[in-house]
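The shown structure was predicted, so the numbers you read here are calculated from the model rather than taken from an experiment. Both backbone and side-chain heavy atoms feed into the values below; hydrogens, waters and symmetry mates do not.
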Amino acid sequence: MRGSDAEVIVVGAGPAGAAAAAFLARAGVDVLLLDRAHFPRNKPCAEYLSPEAAQPLDDLGVLSRVEAAGGARLTGMSVTTADGTEFRGDFLAAHGFRGFRAAGMALRRIVLDEILLDHARQLGARVALGGAVRDLVRDDGRVVGVELHGGTVHRAPLVLGADGIRSIVARRLGVSRTGRWPRRYALVAHHRHVEGMGTRGEMHVTARGYVGLADVGQGVTNVAVVVPAAHMKDASGDPATFMDHWLAQVPHVAPRLAGSVRVAPPVVTGPFNHTVTRAWAPGAALVGDAADFFDPFTGEGIFAALRGAQRLLPYAFEACRAPSTTRQVHALEAWERARRDTFAGKWRVERLVGSAVAMPRVLNFLGRRLRARRDLADLLVGVAGDFVPPSRVLHPSFVLSLLAGRTGVTPPACPAPERIS
């Protein structure tokens, strides 16, 4: 393309954008990575990396650096329902599936994002921070670049939108949709000296939302409160006071936070009811939260960002160098199919989990069943860890075992130890 500033422009330098830029730059593509923020910066996030998130990090050549950055090791998850029932699941379990790593990890985004951004630079991506994209530039119906606030224009044969749940790229492409559910917001803060933190991530569900707790290393705990949008009117003036009041009403969490110290004011994000009709248009593609975002209960975001960037690589490479719009469209259509093949099963599980969380009485019932059937809880947590195929918990025999709540019903047959790609 004449007058191009790069072969690919990536909008958004979080995990999806930085990883996509790094993969492409390593493949020899001229990449320009843009973000409106200046790094390092805080980002509201559960900060959970599943055991399988290590695989794309390893493929990218940055896993050792991430693992040495001072995060916390997570061996599984525990969930406490509204009636106080707690069930637990471990990543390393008897079901036979194994992740790329035996444990997950939690690492602050201010650290992770800087590592990934620096790695993209080292591999040759050019990075421009502090400039917000205002619009897309088109030529004969095809995206050919971006325009920043202030009028600066950058051109490229392919634009990748990796700019989060309210993606300006998705909105300008006309593929963004705002649904009625789940209209939830998250308030995320970091605390020191939270009592009783172990090696499992924790989710505590109430009738008014839920809170996640996870050790993120160096004595710091990620505290993430997720509430329905209707409650956010009470938080608009003072999120910190709202969050303190909300947490004080969770009887099995409040005492553990009583002696803690908040490191910084909470950051608010949401609502989470954004979807896209498709993740591409001529000259553009979406990846990460810009393409797929669901309720954060399963902590899917960072893995989906990294895995999505990894899967996108061959299609973006072909699209940015396609000799015609027709050839480029074929490559981007193939990306849409690959994206759905990769994530469709997990999307279904996330929707089911999100529905259960929204109905405390249902979750109370399921919690009691999963407490009685640790083998099923381990499978479910393995799906959240991204190494157990979602089909294992969507199978009718799993559902029957769960509803029966006894060991006499045969669960889905387990193969020899394996891991999914």
Salt bridge (charged side-chain N to carboxylate O under 4.0 Å, His left out) pairs, two or more places apart, involving residues 244-263: Glu202-Arg256, Asp244-Arg262

Check: Ser167 side chain, Asp163 main-chain N or O, donor-acceptor pair, under 3.5 Å: no

From Thr81, Thr80, Val357, Val79, residue fulfilling side chain to side chain contact (heavy atoms under 4.5 Å, CB included) relative to Met203: Val79

Pair Arg339-Asp292, salt bridge (Lys or Arg N to Asp or Glu O under 4.0 Å): steps then yes or no: CA-CA 10 Å; Arg339 182 180 73 94; Asp292 312 300; 2.3 Å; yes

Pair Arg311-Thr342, side-chain donor/acceptor within less than 3.5 Å: yes

Those residues that, when tested against Arg166, pass side-chain hydrogen bond (donor to acceptor under 3.5 Å, both in side chains) (two or more places apart): none

Lys346: partners by side-chain hydrogen bond (donor to acceptor under 3.5 Å, both in side chains), with sequence neighbours left out: Glu300, Asp386

Summary of salt bridge (charged side-chain N to carboxylate O under 4.0 Å, His left out) pairs that have at least one residue in residues 111-122, sequence neighbours excluded: Arg41-Asp113, Arg65-Asp118, Arg109-Asp113

Side-chain donor/acceptor of Gln328 to backbone N/O of Gly283, under 3.5 Å: yes

Residue pairs passing the salt bridge (charged side-chain N to carboxylate O under 4.0 Å, His left out) test where at least one lies in residues 16-29, sequence neighbours excluded: Arg26-Asp59

Within residues 208-222 or reaching into it, pairs that qualify as salt bridge (charged side-chain N to carboxylate O under 4.0 Å, His left out) - sequence neighbours excluded: none

Arg278 (side chain) donor-acceptor with Trp280 (main chain) under 3.5 angstrom: yes

